[in-house]
Amino acid sequence: MPVNVKQERQILPVGHEVVLSAFAENPEEALRGSIELREQAAPDPAALAPKELLVRVRSAAVSWVDLLMTSGQYQHLPKPPYTLGMEFAGEVLATGAGVLPERFRPGDRVLVDSLNVGPRSSGEYRKVGGLATYAVVPETAVIPLPATLSFDQGAVLLQAYETAYHCLVVRGNLRPGETILVNGATGLTGLATVEMAKMLGATVIATGRTGRKLEKVREIGADHVLTVLDEDGRVRRFRDDVKSLTGGEGVDVVYDAVGGDISLESLRCAAFNGRFLIVGWTSTPDVARGRGQKGAPRANMLPTNIIQMKQLSVLGCPSAIAVSKDPSIRPARLEQILTWVEEGKLSPYVSHRFEMQDYLSALEARWRGEVTGGCIVHP
């Protein structure tokens, strides 16, 4: 229960936070030694700046990007030590003197914007992650949690659906009646993309590594699901399945968050004049040097002859970078996403939940690909 400022100094207990102490060579090494659970002093509400809020974190998301950042192999390089967890949701415990009560007040359910707070942001709040009991955040980074969502769902909302929106609406121009191949469909952004593509009127062919996890993708709305690996764990020739499902034509759009051999096979699944959306490279996380070094000596390569012969449009889709280059594009997309959520058209799915003391198990589950949709830690 929220309490007033005078009481909070006396009853707010010491919390905990999950901290990255130094960049590792790769995320596996980080899991073995660079990440630790530390005590977190309870913030003093009286010390809040006029436009700050004190949030009690209820749900913090664990994403693939969170793990990749622990080795400095992602484009965002927050300087350690910092608290892990790009996205989180919770309740307001206290507000600064300059926060109007009609905007936020103690007890409000909120989510915190990962582009303004946390390791994917820049500025003075970059070290404030969601894997913590408390978070002191600026008012500009706080969004009311839609009444239709739980804290768990709110913690995985923005990264997933903003990525899907940027790919499908802004870059891919996905139209009703078109067919899209969604690779990595069981992941956080992949599942959101399946859901949004169906809402936009497309036929969805979703791919993944195991049939068991793809059943949830089918339940979310995929028209067809395909496994991409053969019995030996190698990428199989799934172009034949795609061609069969599309009358021999191939798909209008490919959403590819996986990279590597999946990308090469997916190019052959595209129709003439199709659009190929590059979203990520989860199958090849070591394209960049570890420990935050610059350069990408193992970057993915695409065959230009196939791109040429099929007249494909290959489109990079860096949602967060695009917003950083032009912040004016963001308010309209946020408003649209939140409207769809409030109308019940989008609803984030969370398959794994962990308590704070099991944070390593949460990180490992995400890294090993055990998660479908969202993975949550409850501080």
Side-chain angles (χ1 to χ4, degrees), residues 26 64-65 68 73-75 163-164 166-168 170-175 178-187 189-190 193-194 197 202-210 214 222 224-290 294-319 321-322 369:
N26 52 60
W64 186 80
V65 171
L68 200 58
Q73 291 175 300
Y74 194 66
Q75 59 263 31
T163 299
H166 187 68
C167 294
L168 300 181
V170 178
R171 300 293 285 158
N173 190 27
L174 183 67
R175 296 182 288 270
E178 290 191 314
T179 301
I180 182 171
L181 178 71
V182 179
N183 291 324
T186 62
T189 59
T193 298
V194 169
T203 296
V204 177
I205 303 172
T207 75
R209 290 184 291 178
T210 67
L214 283 169
H224 311 282
V225 295
L226 300 173
T227 56
V228 295
L229 303 180
D230 62 20
E231 294 179 353
D232 297 320
R234 295 173 297 199
V235 175
R236 69 180 185 86
R237 185 184 166 104
F238 58 86
R239 75 189 82 163
D240 297 330
D241 298 307
V242 172
K243 293 295 180 65
S244 176
L245 292 169
T246 57
E249 294 297 319
V251 297
D252 302 291
V253 180
V254 174
Y255 168 101
D256 184 23
V258 182
D261 291 340
I262 296 290
S263 294
L264 301 182
E265 182 66 16
S266 297
L267 281 172
R268 294 170 168 85
C269 298
F272 184 82
N273 210 33
R275 287 100 75 198
F276 194 97
L277 311 179
I278 299 176
V279 191
W281 53 95
T282 57
S283 71
T284 56
D286 63 342
V287 296
R289 293 186 176 92
K294 294 182 179 180
R298 296 171 292 277
N300 283 211
M301 302 291 177
L302 294 178
T304 55
N305 59 315
I306 297 177
I307 296 169
Q308 163 72 359
M309 292 299 102
K310 289 196 170 195
Q311 194 169 284
L312 300 179
S313 296
V314 178
L315 303 166
C317 304
S319 176
I321 295 175

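Just so it is clear, the structure is predicted and the values come from calculations on it, not from any experiment.
A heavy-atom distance below 4.5 Å is not found between the side chains of V182 and I205. The closest side-chain heavy-atom distance from P285 to Q73 is not below 4.5 Å. Under the 4.5 Å side-chain criterion, counting only non-hydrogen atoms from C-beta, V258 is not in contact with V279. Proximity of I321 to Q75: side-chain heavy atoms (C-beta onward) are separated by under 4.5 Å at one or more points. Put simply, the side chain of I180 does not reach to within 4.5 Å of the side chain of T203, judged on heavy atoms. You'll find the side chain of R171 reaches within 4.5 Å of the side chain of H166, heavy atoms only. Residues Y255 and T163 are in side-chain contact: their nearest non-hydrogen atoms beyond the backbone lie under 4.5 Å apart.
A distance of 9.5 Å separates OG in S244 from NE2 in H224, rounded to the nearest 0.5 Å. How far CD1 of I307 is from OG of S313: 10.0 Å, rounded to the nearest 0.5 Å. Put simply, CZ on F276 and CG on L302 are 6.0 Å apart, with the number rounded to the nearest 0.5 Å.
Residue D240 comes nearest to R237 through the heavy atom pair OD2-NE, 2.8 Å, listed as atom of the first residue, atom of the second, then distance. Contact detail for L181 and F238: the closest heavy-atom pair is CD2-CE1, 4.2 Å. Between L312 and A270, the closest heavy-atom pair is CD2-CB, 3.8 Å. Between L267 and K310, the shortest heavy-atom contact is O-NZ, 3.3 Å. Closest approach of P303 and L264 over heavy atoms only: CD-CD2, 3.4 Å. The minimum heavy-atom distance linking L277 with C167 is given by the pair CD1-O, 3.4 Å.
Here the options are T179, L226, T207, the test is side chain to side chain contact (heavy atoms under 4.5 Å, CB included), and the partner is V242; only L226 passes.
Residue pairs meeting the salt bridge (charged side-chain N to carboxylate O under 4.0 Å, His left out) criterion with at least one partner in residues 244-260, sequence neighbours excluded, do not occur; the list is empty. Listed by first and then second residue, the salt bridge (charged side-chain N to carboxylate O under 4.0 Å, His left out) pairs that reach into residues 262-288 are E178-R275, R239-E265, D286-R298, sequence neighbours excluded.
A donor atom on one side chain and an acceptor atom on the other are not found under 3.5 Å apart for S263 and N300. Side-chain polar atoms of S266 and N183 form a donor-acceptor pair below 3.5 angstrom.
Looking only at distances, a side-chain donor or acceptor of R236 sits under 3.5 Å from a matching main-chain atom of T227. A distance-only check finds no donor-acceptor pair linking the side chain of T186 to the backbone of G208 [under 3.5 Å]. A distance-only check finds no donor-acceptor pair linking the side chain of D232 to the backbone of R234 [under 3.5 Å].
Remark: Y74 pairs with H76 by the ring pair (Phe, Tyr, Trp, His ring centres under 6.0 Å) rule, at least two apart or across chains.
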Show your working on side-chain contact (heavy atoms from CB on, under 4.5 Å) between W281 and L68 and close with a plain yes or no.
CA-CA 11 Å; W281 53 95; L68 200 58; 4.1 Å; yes

Can you list the steps and then say if L168 with T193 is a side-chain contact (heavy atoms from CB on, under 4.5 Å)?
CA-CA 8 Å; L168 300 181; T193 298; 3.9 Å; yes

